[in-house]
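First comes the structure, then the notes that go with it.
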Amino acid sequence: MRHRIGKSARYLFTVLGSLLMCGEVYAAQQPNFLLVVADDMGWADLGSFGSEIHTPNLDALAAGGLTMTHFRTAPACSPSRAMLLTGVDNHLAGVGTMESIQAPNQMNSRHYAAQLHGDVVTVAEALLDSGYATMMAGKWHLAVAPEQRPDRRGFRRSFTLLQGGASHFSDRLPLHQGNTVDYLEDGSPVELAGDFYSSIAYTDKTIEYLNEVEPDQPFFAYVAYTAPHDPLQVPDAWLDRYRGVYDKGPEVVRSERIARQRQLGLLERGVEPWSPTEYPAWLVIGRPPWGDRSVEERYRDARSMEIYAAMVELLDQQIGRLVRYLDASGRLDNTYIIFLSDNGANAATPLLYPHATREWLLSARNQDETQIGRRGTHSFQGREWATVSNTPFRLYKTTVAEGGVRVPFIVRGPGIASGQRSSAAAHVIDVTPTVLELAGVNSVTSERYAGKLPLQGVSLREAWQGGEVRQDRVLGMELFGARAVVRGHWKAVNIRPPLGSGTWQLYDLAQDPGETTDLGRKHPDVLRTLTSEYGQYAETNGVIHPDPAPMPSSEVLYAGPCSWFCELQFDAIDTYVMLANYLASND
């Protein structure tokens, strides 16, 4: 009997030892995460999405992983980032609007304070509790209050720009009049090196922080680039990278992107993309056909896109540096690399920013057209080229049309087959739940989540690993009073004039991804169902529709000098828009 008990004991100890070793192996094999976000990049700006821009590193990630073609965000920077880092709707997370753009009826709501609050948990906090090394470099844009800065929200190491944007160089020029430019490292103000350029510096910091991580410790690295957000700027060595590439004009470049998207299977043959409204050339916001413009006009108009494209390629190069670092350090195979943009490309001029004026922009920023892209200048993409970047979708950043919310999304990592493409309905709110599941973190049982808002997104793990995913989920969204809801291939949208009708419209995205044909009268039952579901979304998430809704002047569409006749045109356009909004609200 003693002998038999001894054998049993030895067997039990062997099993327990094996289990313990398995546990150690599992702990050692907890995956790493590299979360990379581009700023204001359009859906069509990568080679793997049909672009002529040279993006070999992101294209290689797509070839070695999964591309999600129906991935959506919020229409603007900070609401997207709030959902990205918490898995909670941006309204409930405290970022129902952007800083300084609260309507009077939103002023006393914590949902519209334009910064995170303590009732949400960040993915960095949850992973820090689970033994992860957490770090970030780049744009925060989620709070100014010290208690809501990255060093207090779970990031053990951080090098961050607090604001939504700034010069990409060390001169720290702000986006607009009255704004500040605050760079912090681990919560303390820092000076910038003389050769600072945002995309390179954020990559340098990320690699520096990764070098501090012990080989057996998992990491979560968040790299929030500010490229290609305006001002469009690159180091001198990159200024001529795309010289002459866009001399053919936006219409030709867009048609070439559409052709490549059809070849890649991203746009079905016979499905027509959205075509923007063309304003009369005699209007200050209108432009003559490309061939009718002077040589000087074509140079200026193409130059901004040349710099934009160089910014995108330089961003791609820096992402390549990160991938090569992970490979050289032996961490690549156990790392999920997640790439996305925070919203669609931006059509507006810098005059859209709070407190920005034409006089300030023209006097405070270098207007020499031969210096576009250099330090001290503030060029921007503009409506024509933003349309190209968002091909084939409608409209731009700040709108809930597909051009504002459909973004490129690529993921590569353990268990993800190479060269896959998914059309699953996915949303920025899903990233945190997915990361936590892959890391083995259960938010339901986690002490960190006790008394906090629960996750609202869904894990995309099965979609990433080739499994079935529900296609009928309801995705609601609201920003600045613009509203939308998506279920499957149906989308209902309500966008105020001048960009929309101010009434609910219905689109079949499977047949009409460009949102060109309103089917509301043809399918009234579908529209009623979707608008009802939007109402449920709004109630659940504490949406407060702005009263009055923000209505920027049409002046934001033109940033050049403006004569009395130019001002008269803007007054006439703004009066027309006000009347259209009044009629829509009383329809």
Side-chain angles (χ1 to χ4, degrees), residues 31-41 45-49 51 53-65 67 133-139 155 157-161 168-170 183 185 190 192-213 215 217-229 232-239 241-242 307-342 408-414 416:
N32 308 307
F33 300 94
L34 174 63
L35 175 59
V36 179
V37 178
D39 201 348
D40 290 4
M41 177 186 286
D45 280 330
L46 303 181
S48 54
F49 283 76
S51 179
I53 301 174
H54 190 55
T55 55
N57 296 290
L58 285 166
D59 295 344
L61 288 178
T67 297
T134 56
M135 66 203 73
M136 80 159 287
K139 168 174 165 175
F155 292 97
R157 299 304 314 273
S158 59
F159 178 85
T160 53
L161 169 66
H168 294 275
F169 295 110
S170 60
Y183 278 96
E185 184 161 26
V190 292
L192 302 181
D195 62 351
F196 176 93
Y197 179 78
S198 64
S199 297
I200 297 172
Y202 299 154
T203 305
D204 288 343
K205 275 297 177 184
T206 302
I207 291 174
E208 175 187 328
Y209 295 158
L210 286 170
N211 273 326
E212 299 171 357
V213 180
Q217 185 179 18
F219 67 80
F220 173 79
Y222 172 44
V223 192
Y225 290 106
T226 46
H229 194 296
L232 304 184
Q233 298 170 326
V234 288
D236 286 355
W238 288 79
L239 284 169
R241 195 79 164 190
Y242 285 83
I307 302 302
Y308 179 91
M311 291 181 77
V312 171
E313 182 178 347
L314 178 51
L315 171 63
D316 177 87
Q317 181 199 73
Q318 297 307 303
I319 294 170
R321 285 182 60 204
L322 293 172
V323 174
R324 288 190 294 275
Y325 170 84
L326 293 175
D327 192 18
S329 64
R331 294 168 169 168
L332 180 61
D333 288 344
N334 195 37
T335 300
Y336 288 95
I337 302 175
I338 304 166
F339 172 82
L340 68 149
S341 178
D342 61 350
F409 183 96
I410 300 168
V411 59
R412 177 201 184 277
I416 298 178

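Both backbone and side-chain heavy atoms feed into the values below; hydrogens, waters and symmetry mates do not. In this text the structure is predicted, and so the values were computed from the model without any measurement.
- At least one side-chain heavy atom of Arg331 sits less than 4.5 Å from a side-chain heavy atom of Val213.
- Looking at heavy atoms from C-beta onward, Asp195 lies out of side-chain contact with Ser170 at the 4.5 angstrom threshold.
- Interatomic distance, CD1 of Ile207 versus CD of Glu212, reported as 12.5 Å (0.5 Å rounding).
- Taking the side chain as every heavy atom from C-beta outward, Ile410 and Ile337 never approach each other to under 4.5 Å.
- Separation of atoms NE2 (His168) and NE2 (His229) is listed at 8.0 Å; rounding is to 0.5 Å.
- Scanning both residues, Ile200 and Arg321, for their nearest heavy atoms gives O-NH1, 3.9 Å.
- Among all heavy-atom pairs drawn from Phe49 and Phe409, the shortest one is CZ-N, 4.0 Å.
- Rounded to the nearest 0.5 angstrom, Tyr225 OH and Lys139 NZ are separated by 15.0 Å.
- Minimum interatomic distance between Leu315 and Ala227 (heavy atoms only, all atoms of both residues): CD2-O, 3.9 Å.
- Side-chain contact check for Thr226 and Asp39: no donor-acceptor pair (N or O, by modelled atom type) lies under 3.5 Å.
- The closest donor-acceptor contact from the side chain of Thr55 to the backbone of Gly47 lies under 3.5 Å.
- Considering only heavy atoms from C-beta on, Ile416 comes within 4.5 Å of Tyr336 through its side chain.
- Taking CD from Gln318 and OG from Ser198, the interatomic distance works out to 9.5 Å, rounded to the nearest 0.5 Å.
- The closest side-chain heavy-atom distance from Thr335 to Phe219 is below 4.5 Å.
- Taking every heavy atom of both residues into account, Leu314 and Pro235 meet most closely at CD2-CD, 3.7 Å.
- Looking only at distances, a side-chain donor or acceptor of Ser51 sits under 3.5 Å from a matching main-chain atom of Ile53.
- Minimum heavy-atom separation, Arg241 to Ala310: CB-CB, 4.2 Å.
- A distance of 13.0 Å separates CD1 of Ile338 from CZ of Arg412, quoted to the nearest 0.5 Å.
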TODO: Given side-chain contact (heavy atoms from CB on, under 4.5 Å), test Asp316 with Ile319 step by step and report yes or no.
DONE: CA-CA 5 Å; Asp316 177 87; Ile319 294 170; 5.6 Å; no

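- No side-chain heavy atom of Leu326 sits less than 4.5 Å from a side-chain heavy atom of Asn32.
- Interatomic distance, CE of Met135 versus CG of Leu210, reported as 4.5 Å (0.5 Å rounding).
- The shortest side-chain heavy-atom distance between Met41 and Leu46 falls under the 4.5 Å cut-off.
- You'll find the ring centres of Phe155 and Tyr209 outside the 6.0 Å limit.
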TODO: Start with the C-alpha gap between Phe196 and Phe169, add the side-chain angles, then the distance that decides, and say whether side-chain contact (heavy atoms from CB on, under 4.5 Å) holds.
DONE: CA-CA 5 Å; Phe196 176 93; Phe169 295 110; 5.5 Å; no

Open item on the list: Checking Arg324 against Asn57 for the side-chain contact (heavy atoms from CB on, under 4.5 Å) test, could you report, in this order, the C-alpha distance in whole Å, the side-chain angles of both residues, the deciding distance, and whether it holds?
Closed with: CA-CA 10 Å; Arg324 288 190 294 275; Asn57 296 290; 3.8 Å; yes

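- Residues Tyr222 and Val37 are in side-chain contact: their nearest non-hydrogen atoms beyond the backbone lie under 4.5 Å apart.
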